[in-house]
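Atom set for the values below is all heavy atoms of this structure, side chains included, hydrogens, waters and symmetry mates excluded. The sequence lines fix the lettering, A, B, ..., with proteins before strands; numbering per chain opens at 1.
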Amino acid sequence: MKGNEAIGEAAIRAGCRYYFGYPITPQNELTAYMSKRMEEVGGVFIQAESELAAINMVYGASAAGGRAMTSSSSPGISLKQEGISYMVGAELPGVVVNICRGGPGLGNIAPSQSDYFQATRGGGHGDYYTIVLSPSSVQESADLVFLAFYLADKYRNPVIILGDGFLGQMLEPVEFKNPAFGRLPRKRWALTGAKERPPNVIRSLYLKEGVLEKRNWELSKKYERMKKEVRYEGIYLDDAEFIVVAYGICARISKASVLLLRAHGLKVGLIRPITLWPFPSGVIKEVRDKIKRFFVIEMNLGQMVEDVKLAVEGRTSVSFYGRPGGGVPTPEEIYKVIKDGKGYF
Amino acid sequence: MEKAIFKRPESLYETPFHYCPGCGHGIIHRLIAEVIDEFGIRERTIGTAPVGCAVLNYDYFNFDVCECAHGRTPAVATGIKRVRPKSVVFSYQGDGDLAAIGIAEIIHTALRSERITAIFVNNCVYGMTGGQMAPTTLLNQKTQTTPFGRDPKKAGFPLRVCELLATLDGATYIARTALNNPKNVLKTRESIKKAFLTQIEDVGFSLVEILSPCPVNWKLSPVDSIKWMKERMIPYFPLGEFKTPFAK
Amino acid sequence: MGRPFQVIIDKERCKGCGLCINFCPLNLLVISNEINKRGFHYATVRDNNRCKGCAQCAIICPDVAIEIYR
Ligand SMILES: Cc1ncc(C[n+]2csc(CCOP(=O)(O)OP(=O)(O)O)c2C)c(N)n1
Ligand code: SF4
Ligand code: SF4
């Protein structure tokens, strides 16, 4: 199954019955898949008039208590930032998939990781975070969709799945395991009609002096709780002298390089963040003192490397190697970077 | 026993409105609440609050309300309605919200014939932000951003929303009314009723454009404002039903 | 003639916009010399006994400040 379709099927199996999209390459398979499957399962599919409309339909559907989702690629995700910010402000769950492509501007349709900053720093206006999940295979794309819906409901916050064109187009076998998560509370806040209860209001406006400040402090406590959801994969960390940090498809390519380097006797390990926010700083802090150098590999000009540096806190060296604008590094390329012991900076 | 001839509808809280003296938003809130009471649908109504002077309408409406981003109200209402098809969902929008930043949303919501009702408050101006030009600002009308009067060569022409939407197949009930005298207020109420009915009976998309005074930003007294409506606004924005599923 | 109509103006809600005064066909309403808590000269009924209960004042009132009983 194609990565994009696997995301769609997993969403349906996770109980998502409301999908709102707008065409953009390289995620079109997902929108097309949803148009067919929503019909079959009696759900709602709308091809919206824009990404602005699509995310605001998600906002409305979520406000009414539905499990809703939208997907797009970088330029469309820029437009969705408005709605994502409002969803965070109004504490509405929802899943937003970004099958990232090259930018800035119209960029290109090649796979890219150029939206890392946008995804992990809130992305829209205001002062907030969303959980960002980064799959590195078709199987994991599906798995993380189940998790995304669960976490979105658990924290009443949108969750971002940050993929790329490579993953979206990739064909791989996939098994849909609907994992048993914890129980979720009832959505008593949802707009269902004020029957036998006082009216519910979904809002993010707090004009009275000090009220928004207080509320944002409360939200910050929620972000702190969300940090417990950190996930990563670590390989060869026990004896590693060098560590590659990479995520998504880049991590998958880097893994091949790490195996090659190991075969040549270099003690290299790999840390693959699965949650980009919360960032797995903990594991980096644990190992940093025995590591000679971290190599951060990204398909951009160097974004996650800043998080790695924040976690390393200057205790050891951090090098970066990246391919912006749709370039995809090969395992040999990464192998060479590490073998030669240098990145771009 | 005392009999009430005229009384506050139950779908409105007692909280006094924060609107300026003579503002039309208060009348419109009351009319919506009256219609909801009359249909007995308060417990299944979901309203929206737009970015604009009516952003706090949930302080007055005694039913569920969803605040929306500027102009996105019809998209949000679409999302709500698709999840709760049995609810009665309405968007409440100013002319900046509906006719400028949200014009795409309202057109496509009408094209999809979403079973929602749009209450469109046309006061020829951006109220909340201090009286800038709206898409509906009349020619020669002075606003904060058309200090010499709206000049079509520089600022374009006013938009007639009902006429535009009436060309769309998905638009089912489209009417324009005004709040310039009690008779027209009652007609507005009738139109709101028909619009809600269009939704309740699952016939299609409905919109009522209500010409509404904004004395503060027109820099007129409330009484002069309603005269201005008659002399200037109504000639440019003719009243009536542009589309209706009901027999006339 | 049945019972008289009673126009009750909630003076604290009234903002003195004058629309009710403008539309009362019998000119029964006036702006008070007094001000309410929010600082508005509010509308008040001059002569309740003559009111014919047409509700024009209440219908146009932007602040739901007027209720009419009989
Ligand atoms: C995206 C965005 N742009 C601009 C604004 C600022 N803004 C607030 S209200 C408003 C216009 C309101 O005018 P209208 O919709 O006519 O409603 P009114 O206040 O007249 O009732 C604008 C531009 C905003 N809140 N969000
Ligand atoms: S600015 Fe205009 S629209 Fe806004 S409350 Fe005042 S009168 Fe009403
Ligand atoms: S009900 Fe009619 S007659 Fe009586 S005060 Fe109001 S407008 Fe005048």
(message) Tell me whether B:E14 at atom CD has more than 12 heavy atoms from other residues, nucleotides or ligands lying less than 6.0 Å away.
(response) no
(message) Could you check whether atom CG of B:D169 has more than 12 heavy atoms from other residues, nucleotides or ligands sitting under 6.0 Å from it?
(response) no
(request) Output the distance between atom CG (A:L191) and atom CZ (B:F63), rounded to the nearest 0.5 Å. (result) 11.5 Å
(request) Nearest 0.5 Å please: distance from the OG1 atom of B:T78 over to the CG atom of A:N56. (result) 10.0 Å
(message) Check this for me, if you would: do B:R112 and A:E49 make a salt bridge, where the nitrogen-to-carboxylate-oxygen distance has to be below 4.0 angstrom?
(response) yes
(request) Could you tell me the separation between the NE2 atom of B:H18 and the CG atom of A:L207, rounded to the nearest 0.5 Å? (result) 9.0 Å
(request) Step through the shown structure and confirm whether more than 12 heavy atoms of other residues, nucleotides or ligands are within 6.0 Å of CG on A:D127. (result) no
(request) Could you tell me which portion of A:S62 (side chain, backbone, both or neither) has an atom closer than 4.5 angstrom to a non-hydrogen atom of chain B? (result) neither
(message) Please check: side-chain N/O of B:E67 versus main-chain N/O of A:L205, any donor-acceptor pairing under 3.5 Å?
(response) yes
(request) Please tell me if the side chains of A:Y59 and B:C66 come closer than 4.5 Å, counting only heavy atoms from C-beta onward. (result) yes
(message) To the nearest 0.5 Å, what is the distance between CD on B:E105 and CE on A:M57?
(response) 8.0 Å
(request) Just give me the residue among A:K195, A:R17, A:E196 that pairs up with chain B most often, heavy atom to heavy atom, under 4.5 Å. (result) A:K195
(request) Start with the C-alpha gap between B:H108 and A:I46, add the side-chain angles, then the distance that decides, and say whether side chain to side chain contact (heavy atoms under 4.5 Å, CB included) holds. (result) CA-CA 11 Å; B:H108 288 275; A:I46 296 181; over 6 Å; no
(message) Checking the side chain of B:D64 only, and the main-chain atoms of A:P199 only, is there a donor and an acceptor separated by less than 3.5 Å?
(response) no
(message) So for atom CD, which belongs to A:E209, do other residues, nucleotides or ligands contribute more than 12 heavy atoms lying within a distance under 6.0 Å?
(response) no
(message) Looking at B:R84 and A:A64, would you say the former's side chain and the latter's main chain have a donor-acceptor pair under 3.5 Å?
(response) yes
(request) Count the heavy atoms belonging to other residues, nucleotides or ligands that lie under 6.0 Å from CD1 of A:I109, then report whether that count exceeds 12. (result) no
(message) What part of B:L56 gets within 4.5 angstrom of chain A, counting heavy atoms only: side chain, backbone, both, or neither?
(response) side chain
(message) Quick check on A:A53 against chain B: is it the side chain, the backbone, both or neither that has a heavy atom closer than 4.5 Å?
(response) both
(request) Scan side-chain atoms only and decide if B:R82 and A:Y18 contain a donor-acceptor pair under the 3.5 Å cut-off. (result) no
(request) With a 4.5 angstrom heavy-atom cut-off, could you sort out which part of A:A190 is near chain B: side chain, backbone, both or neither? (result) backbone
(message) Let me confirm one number: the OG1-NZ distance from A:T192 to B:K86, rounded to the nearest 0.5 Å.
(response) 13.5 Å
(message) As an exercise: rank A:V58, A:V201, A:I55 by heavy-atom pairs under 4.5 Å with chain B and give me the winner.
(response) A:V201
(message) Counting neighbours of CD on A:E39 that are heavy atoms of other residues, nucleotides or ligands and sit closer than 6.0 Å, is the number greater than 12?
(response) no
(message) Can you confirm whether more than 12 heavy atoms, excluding those of B:E10, are under 6.0 Å from its CD atom?
(response) no
(request) Give, as side chain, backbone, both or neither, the part of B:R44 having an atom under 4.5 angstrom from any heavy atom of chain A. (result) backbone
(message) Looking at A:Y129, I want to see if its OH is surrounded by more than 12 non-hydrogen atoms of other residues, nucleotides or ligands under 6.0 Å.
(response) no
